[in-house]
Student: 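Here you go, one structure.
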Number of protein chains: 2
Amino acid sequence: MANIKDVAKAAGVSTSTVSRTINNSSSIPAETKARITEIMKQLNYTPNQNAKSLTTNKSYTITLIVDVDDEKSFQNPFFYEIMHGIEKYVYNKEYSFIVANLKTMMKKQSVLDWLIRSKRTEGVILPSSMLDSKTVESLRKDKIPFVSIGEPIHLKDSITWVDIDNKRGAEVAVYSLLENGYKNIAYLGYDNTKLFNQRRYEGYLNVLESEKIKINPSYIIECNNTKDNGYNHTKTLLNLGNRPDAILCADGELSFGAIKAIQENGLSIPSDFGLISYDETKIAELSYPSISTVNVDMFEMGTQCAKLLFDQIENHQSINQGVLISASLNKRETTK
Amino acid sequence: MANIKDVAKAAGVSTSTVSRTINNSSSIPAETKARITEIMKQLNYTPNQNAKSLTTNKSYTITLIVDVDDEKSFQNPFFYEIMHGIEKYVYNKEYSFIVANLKTMMKKQSVLDWLIRSKRTEGVILPSSMLDSKTVESLRKDKIPFVSIGEPIHLKDSITWVDIDNKRGAEVAVYSLLENGYKNIAYLGYDNTKLFNQRRYEGYLNVLESEKIKINPSYIIECNNTKDNGYNHTKTLLNLGNRPDAILCADGELSFGAIKAIQENGLSIPSDFGLISYDETKIAELSYPSISTVNVDMFEMGTQCAKLLFDQIENHQSINQGVLISASLNKRETTK
DNA sequence: TAATCTTACGCAACCGGTTGCGTGATTACA
DNA sequence: TGTAATCACGCAACCGGTTGCGTAAGATTA
């Protein structure tokens with residue numbers, strides 16, 4: 001395979017000139033460039049990335065860390081979309097991107113550390129769940145740019161992160177329910193251990209407060225995200241004296257159980273009862289009835305992560321604050 | 001950051017000796033190795049991957065190509081599992097892996113070609129849908145090992161591929177239905193444009209033939225994989241004079257529509273009617289009733305792909321034939 | 001004790017690019 | 001027309017490893 005010397009020889013110039021042509025240095029006149037470019041094409045020349053990386057001390061590669069054990073990230077298709085968003089951005093920059101997961105990293109003590117120190121990666125995108133202060137410190141010490149997927153619990157004002165606008169998404173959902181005549185809206189799946197859930201809850205409360213609607217504590221169900229919880233707690237809700245006529249599910253799987261419970265109670269959806277679930281998934285569309293969801297654009301999230309990472313890589317500037325991706329409502333058969 | 005010269009200096013040896021220690025050359029006595037290893041640890045030395053790649057002409061990286069537009073691969077969580085399987089294998093080898101998708105590649109003419117020619121990758125795992133003869137030829141010319149995810153339509157005897165044992169999976173499903181007393185089993189979702197579907201169909205026919213069960217052509221429904229098709233065609237099946245009492249869905253989404261249709265007909269699942277769907281997904285578990293599925297181990301598929309790729313990379317030998325991953329039955333509420 | 005064989009490890013070229021510095025040729029300016 | 005500035009491009013060192021070849025010291029054998 002042709003190398004830069006072959007090109008230089010064929011063009012009757014030095015390798016310096018070829019290199020400068022490749023890197024578009026201004027000191028080479030256009031016609032020389034054109035000639036060299038033509039010869040590169042003829043010889044089917046592609047610069048050796050490893051040589052380039054060695055001299056420039058840049059790997060032209062970024063890393064995405066995934067957390068296999070975290071169902072919110074790896075198992076579900078969201079992360080996949082994020083990946084896709086990153087990927088598209090990255091290849092436009094002639095970078096490539098590698099994937100490593102937390103579990104493997106544990107085992108090898110620290111694959112991330114290895115990737116960085118061996119100069120395989122120039123930047124890292126990783127889930128907020130991984131960002132303990134030790135990791136942050138280590139990344140800072142190695143001067144490796146990073147972006148957090150998701151708002152971190154600590155450090156939110158000192159690192160760069162991207163998240164869905166969870167609060168606004170919930171607001172949109174609740175407003176939509178109210179506008180369509182639902183009056184008593186329950187919040188199913190409150191979980192104060194998860195920041196995204198907190199934010200959704202804040203959005204829910206926000207709307208009720210602005211609309212001067214009394215908050216009914218028995219409408220707020222604390223539980224984690226399983227279909228059985230959805231079923232059982234919805235049963236309980238429906239047995240209340242003043243039962244709700246709509247539910248906002250904070251998380252996806254709950255809604256399956258909830259729908260089952262509503263139907264069993266003889267209520268018809270959406271005329272008697274409305275339901276909106278957070279998290280758009282393929283499943284929401286397949287269900288009978290198909291579920292109205294708060295739609296989160298994970299592709300965009302990936303793109304933003306990549307963009308913010310490249311801001312740091314290329315311009316050495318970092319915003320060190322959060323960026324929110326807006327969430328929209330995807331109306332289907334569970335709401336009027 | 002310390003480099004090999006720093007280590008050599010600190011140890012009072014030449015870089016050759018350090019290099020040979022790192023690469024575990026036999027010509028260095030154990031005590032010298034120990035001393036050098038200790039110093040490497042002290043200096044927190046990690047070999048520069050780019051330098052290593054440059055001299056050895058190996059990138060210590062493989063590439064996974066995904067096909068974003070192909071719903072069977074990118075959208076669904078399967079590919080994700082495959083990725084995970086590959087990833088685990090790869091990091092144990094001190095390799096890393098990069099992800100590129102077809103769509104981007106189209107745009108850049110050929111990112112794959114670029115990855116290869118720039119020496120960024122030593123091997124490729126890619127979906128069979130991408131393996132047209134031109135791509136195969138090009139990979140062969142560059143002497144890049146590759147493994148196909150999925151049985152390719154052409155070339156099946158001349159390249160290395162890994163697939164689910166689709167035929168056997170269908171057999172297991174049909175046998176299970178028969179054993180549980182279902183007598184008239186329909187095949188919903190026949191699609192002769194897809195090899196995996198053909199194989200599943202073969203499995204279905206196989207069992208009926210071995211069991212000397214007459215094949216009823218009106219039980220075999222040709223359609224593609226949507227929930228609406230599942231609904232409508234199941235309606236049709238149920239209106240037949242001798243209606244079936246069980247369905248094997250060749251693909252996942254069909255089953256949602258099918259279940260709806262069965263329930264609307266007043267039949268109870270699983271006592272009156274059984275259903276097994278191909279393709280285990282999260283959705284199958286969430287549905288009411290939860291769906292019995294043929295469970296395909298995609299993690300194992302990824303692992304096998306990686307293994308077969310490394311056989312080629314490390315031993316320069318390739319089996320050039322298919323490997324099948326066995327499929328098992330995941331019994332849930334849609335079967336007795 | 002001399003000749004031969006091992007062993008341990010260094011020398012230096014090499015992988016394929018990049019880049020600071022320098023120089024001869026050309027152009028601009030006075 | 002002489003001098004300075006600019007332009008075009010080459011020289012050679014360098015990035016951080018790997019490896020074939022060579023050799024001195026020590027071990028083995030005759």
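These figures come from a predicted structure and were not determined experimentally. So that the names make sense, note that chain A is the first sequence line, chain B the second, and so on, each numbered from 1.
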Student: Could you go over nucleotides 18-24 of chain C and give all protein N or O partners under 3.5 Å, atom names and distances?
Tutor:
unit_1	atom_1	unit_2	atom_2	d
C/dT18	OP1	A/N23	ND2	3.1
C/dT18	OP2	A/S19	OG	2.3
C/dT18	OP2	A/N23	ND2	3.4
C/dT18	O5'	A/S19	OG	3.4
C/dT18	O4'	A/T55	OG1	3.4
C/dT19	O4	A/S16	OG	3.0
C/dG20	O6	A/R20	NH2	2.7

Student: Given atom OH of A/Y60 and atom C1' of C/dG16, what is their separation to the nearest angstrom?
Tutor: 14 Å

Student: Please state how far atom CG in A/N57 lies from atom C1' in D/dC14, giving the value in whole angstrom units.
Tutor: 12 Å

Student: Are A/L308 and A/W161 side-chain neighbours, meaning at least one heavy-atom pair lies under 4.5 Å?
Tutor: no

Student: Is there a side-chain contact between A/N3 and the phosphate of C/dG16, meaning an N or O under 4.0 Å from OP1 or OP2?
Tutor: yes

Student: Step by step, would you call A/R120 with B/S96 a side-chain hydrogen bond (donor to acceptor under 3.5 Å, both in side chains)?
Tutor: CA-CA 9 Å; A/R120 275 187 193 235; B/S96 48; 2.5 Å; yes

Student: Take atom CD of B/E314 as the centre, draw a 6.0 Å sphere, and report whether it contains more than 12 heavy atoms from other residues, nucleotides or ligands.
Tutor: yes

Student: From NZ of B/K58 over to P of D/dG16, roughly how many Å is that when rounded to an integer?
Tutor: 23 Å

Student: With a 4.5 Å cut-off on side-chain heavy atoms, are B/F146 and B/T160 touching?
Tutor: no

Student: Not counting sequence neighbours, which residues clear salt bridge (charged side-chain N to carboxylate O under 4.0 Å, His left out) with A/K5? List them please.
Tutor: none

Student: Are side-chain heavy atoms of B/I22 and B/V18 found at a separation under 4.5 Å?
Tutor: yes

Student: Whole angstroms only, please: what is the CG-C1' distance between A/D6 and C/dC15?
Tutor: 13 Å

Student: How close do B/Y45 and B/A2 get, counting heavy atoms only, and between which atoms?
Tutor: CD1-O, 3.3 Å

Student: Could you note down all residue pairs passing ring-ring contact (aromatic ring centres under 6.0 Å, His included) where residues 299-321 of chain B supplies at least one of them, sequence neighbours left out?
Tutor: B/H84-B/F299, B/Y89-B/F310, B/Y95-B/F310

Student: Say whether B/N320 and B/S318, considering side chains only, have a donor N or O and an acceptor N or O under 3.5 Å apart.
Tutor: yes

Student: Give me the atom names and distance for the closest heavy-atom approach of A/P127 to A/S148.
Tutor: C-OG, 4.4 Å

Student: Residues from residues 31-40 of chain A sitting under 4.0 Å of DNA chain C, heavy atoms only?
Tutor: none

Student: Are more than 12 heavy atoms from other residues, nucleotides or ligands located less than 6.0 Å from atom NZ of A/K58?
Tutor: yes

Student: Please give, in whole Å, the distance from D/dG16 C1' to B/K9 NZ?
Tutor: 14 Å

Student: Let me know the distance between CD of A/Q49 and C1' of D/dC15, rounded to the nearest Å.
Tutor: 15 Å

Student: Report for the helix from C/dT1-D/dA30 to C/dA30-D/dT1: angle between first-end and last-end helix axes, five pairs each, rounded to 10 degrees.
Tutor: 40°

Student: If every non-hydrogen atom of B/I28 is compared with every non-hydrogen atom of B/K33, which pair is closest and at what distance?
Tutor: O-CE, 3.6 Å

Student: Is the shortest heavy-atom distance from the side chain of A/L195 to the side chain of A/N166 under 4.5 Å?
Tutor: no

Student: When you match B/I28 and B/L54 each to their closest nucleotide on DNA chain C, which lands nearer the 5' end?
Tutor: B/I28

Student: Scan side-chain atoms only and decide if B/N50 and B/S53 contain a donor-acceptor pair under the 3.5 Å cut-off.
Tutor: no

Student: Rounded to whole angstrom units, what separation is found between the CE atom of A/M1 and the P atom of C/dG16?
Tutor: 10 Å

Student: List, with names and distances, any nitrogen or oxygen atoms from the protein found under 3.5 Å away from nitrogen or oxygen atoms belonging to nucleotides 22-26 of chain D.
Tutor:
none

